[in-house]
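First the structure, in the form of structure tokens, and then the observations on it.
No hydrogens, no waters, no symmetry mates; every other heavy atom, side chains included, goes into these values. Throughout, protein chains are lettered first and strands after them, A, B, ... in sequence-line order, and every chain is numbered starting at 1.
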2 protein chains.
Amino acid sequence: MKIGELAERTGASIRSLRYYERQGLLAPMRQENGYREYSVLAEEQVRTIRFYLALGLSTEQIAGFLHCVLRNKEAFCEEVLPMYQQKLEEIDGQIRLLNQIRANLKDRISSILLERNQGQEEKI
Amino acid sequence: MKIGELAERTGASIRSLRYYERQGLLAPMRQENGYREYSVLAEEQVRTIRFYLALGLSTEQIAGFLHCVLRNKEAFCEEVLPMYQQKLEEIDGQIRLLNQIRANLKDRISSILLERNQGQEEKI
DNA sequence: TTAAACCATGACATTAATGTCATAGTCAAG
DNA sequence: CTTGACTATGACATTAATGTCATGGTTTAA
């Protein structure tokens, strides 16, 4: 199939499909006229790529194990587990930071509301 | 004081101090030779700017209320509370998204470890 | 054969604060 | 007077996936 059909089937934009190819995640054949020709397997492959992207992995990380997970169960790919664990720590760090900021914001909001209420009471 | 001294006192880089100025957050005088001359108040002002930046607000947002909070208690600045509340929602959204990804990652990790253990048991 | 729809490539934009470099003027101490 | 430490401005880079535009070749249906 050609790139437009693959884009429609997978939900990825044509631009993204070309990008995945440049990042080494897809390798379509070429027709005589230069058009990309994707096998039926490409559809599942693109879904897989997008699944990992949604998990927060970079195309570079995905390129490190995609060839393996396309042929085996994920558990057989040694590269995957450490990458997941690293990503998990990264995300935990981000969540911690956001929670700190969140707590700070809530404090500020509370103290503003408190001060305003006290200001009101003084006027009674 | 000159920019180097202010940078050292506040921990902000010289580059950042010039950037804050361009964003309308700082307005130092100029000496005859063109050098920036900061008043002693600038030090507190920069700390305030960096405090709000650390809360995740943008320089543009900060510019919207900085003049007020420098002269009054924060609670008197009408612009601040809605900005805090908006930022809080934004951060809650980010935390929710990260938690989803986190849950997904933990699932993948669990199932990989489970499959590997089962694989081991079959060899017993 | 012609217009519409598709494809290719390459370039530029996006976001926001900061780093870094190049070039050049200023000042202070020796 | 000269050298080193400061300062000024402007430009470019960073990050990563995606959008968008320009230009031009290809195909297909009328």
Side-chain angles (χ1 to χ4, degrees), chain A residues 1-38 42 45-64 66 83 86-87 90-91 93-94 97-98 101, chain B residues 1-38 42 45-64 66 83 86-87 90-91 93-94 97-98 101:
Chain A
M1 82 190 85
K2 285 181 292 184
I3 196 168
E5 186 181 345
L6 183 61
E8 197 165 349
R9 288 201 195 195
T10 60
S13 70
I14 291 177
R15 175 71 175 83
S16 293
L17 294 177
R18 295 201 186 112
Y19 176 70
Y20 301 156
E21 180 177 343
R22 175 158 292 253
Q23 300 307 116
L25 301 179
L26 275 177
M29 302 284 96
R30 293 293 180 134
Q31 296 175 348
E32 283 188 358
N33 56 18
Y35 287 13
R36 291 169 177 80
E37 174 65 32
Y38 295 92
Q45 187 164 347
V46 171
R47 290 192 206 286
T48 303
I49 292 168
R50 293 177 75 72
F51 169 78
Y52 288 119
L53 283 175
L55 276 186
L57 301 186
S58 68
T59 55
E60 190 182 356
Q61 290 176 312
I62 296 170
L66 182 63
M83 198 154 292
Q86 178 197 327
K87 191 71 196 176
E90 198 180 313
I91 286 184
Q94 291 171 355
L97 179 60
L98 287 175
I101 294 175
Chain B
M1 82 191 85
K2 287 180 290 182
I3 196 169
E5 187 181 344
L6 183 61
E8 197 164 349
R9 288 199 195 197
T10 60
S13 71
I14 290 177
R15 176 68 175 86
S16 293
L17 294 177
R18 295 201 187 111
Y19 176 71
Y20 301 156
E21 179 177 343
R22 175 159 293 253
Q23 300 308 113
L25 301 179
L26 274 177
M29 302 284 96
R30 294 293 180 135
Q31 297 175 349
E32 283 188 358
N33 57 18
Y35 287 11
R36 289 168 179 82
E37 174 65 33
Y38 296 93
Q45 188 164 348
V46 171
R47 290 192 206 286
T48 302
I49 292 168
R50 294 177 75 72
F51 169 78
Y52 288 119
L53 283 176
L55 276 186
L57 302 185
S58 68
T59 55
E60 191 184 355
Q61 290 176 313
I62 296 170
L66 183 63
M83 197 154 292
Q86 177 198 327
K87 191 73 197 174
E90 197 181 313
I91 286 184
Q94 292 172 354
L97 179 60
L98 286 175
I101 295 176

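Rounded to a whole Å, the CZ atom of A:Arg22 is 12 Å from the C1' atom of C:dA8. Rounded to whole Å, atom P of D:dG19 lies 12 Å from atom CZ of A:Arg18. The CD atom of A:Glu60 sits 8 Å away from the P atom of D:dA16 (whole-angstrom rounding). Remark: P of C:dC6 and CG of A:Leu17 are 15 Å apart, rounded to the nearest angstrom. When rounded to the nearest whole Å, the span between CG of B:Leu53 and C1' of C:dT15 equals 15 Å. Distance OH (A:Tyr52) to P (D:dA17): 16 Å, rounded to an integer number of Å. If you measure from atom OH of A:Tyr20 to atom P of D:dA17, you get 9 Å, rounded to the nearest angstrom. Across the protein-nucleic acid pair, A:Arg50 atom CZ and D:dA17 atom P stand 12 Å apart, rounded to whole Å.
Heavy-atom contacts from other residues, nucleotides or ligands closer than 6.0 Å to CD of A:Glu60 number 12 or fewer. With a 6.0 Å radius and a threshold of 12 heavy atoms from other residues, nucleotides or ligands, A:Arg30 has its CZ atom above the threshold. Heavy atoms of other residues, nucleotides or ligands lying less than 6.0 angstrom from CD of A:Glu21 number more than 12.
Using a 4.5 Å heavy-atom threshold, the side chains of A:Gln45 and A:Leu66 count as touching. Considering only heavy atoms from C-beta on, B:Ile49 stays 4.5 Å or farther from B:Thr10 through its side chain. In this structure, the side chains of A:Tyr38 and A:Leu26 come closer than 4.5 Å at one or more pairs of heavy atoms.
One can find a donor-acceptor pair under 3.5 Å joining the base of D:dT20 and the side-chain atoms of A:Arg15.
Screening B:Lys2, B:Met1, B:Arg18, B:Met29 against B:Arg36 for a side-chain contact (heavy atoms from CB on, under 4.5 Å) leaves a single residue, B:Arg18.
Nearest heavy atom pair, residue A:Glu37 against residue A:Pro28, reads O-CB, 3.6 Å. Scanning both residues, B:Ala7 and B:Ile14, for their nearest heavy atoms gives CB-CG1, 3.9 Å.
OP1 and OP2 of D:dA17 both lie 4.0 Å or more from every side-chain N or O belonging to A:Ser16. Considering only side-chain N and O atoms, A:Tyr19 lies nowhere under 4.0 angstrom from the phosphate OP1 or OP2 of D:dG19. Within the 4.0 Å cut-off from OP1 or OP2 of D:dA16, not a single side-chain nitrogen or oxygen of A:Thr59 is found.
At a threshold of 4.0 Å, the pair A:Lys87-A:Glu90 counts as salt-bridged, since one of the basic side-chain nitrogens sits closer than that to a carboxylate oxygen.
Across the interface with DNA chain D, nearest-nucleotide mapping of A:Gln23 and B:Lys2 shows B:Lys2 to be the residue nearer the 5′ end.
Of all the residues in residues 24-38 of chain A, A:Asn33, A:Tyr35 reach under 4.0 Å from DNA chain D with at least one non-hydrogen atom.
Going from the P atom of C:dT18 to that of D:dA17 covers 24 Å, rounded to whole Å.
Pairs of Watson-Crick or G-U wobble type, with distances under 3.5 Å, assemble into runs of 3 or more in DNA chain D at these ranges: C:1-14 with D:17-30, C:17-30 with D:1-14.
Listed nucleotides D:dT7, C:dA17, C:dC7 differ in distance to A:Ile3; the shortest reach to its side chain belongs to C:dC7.
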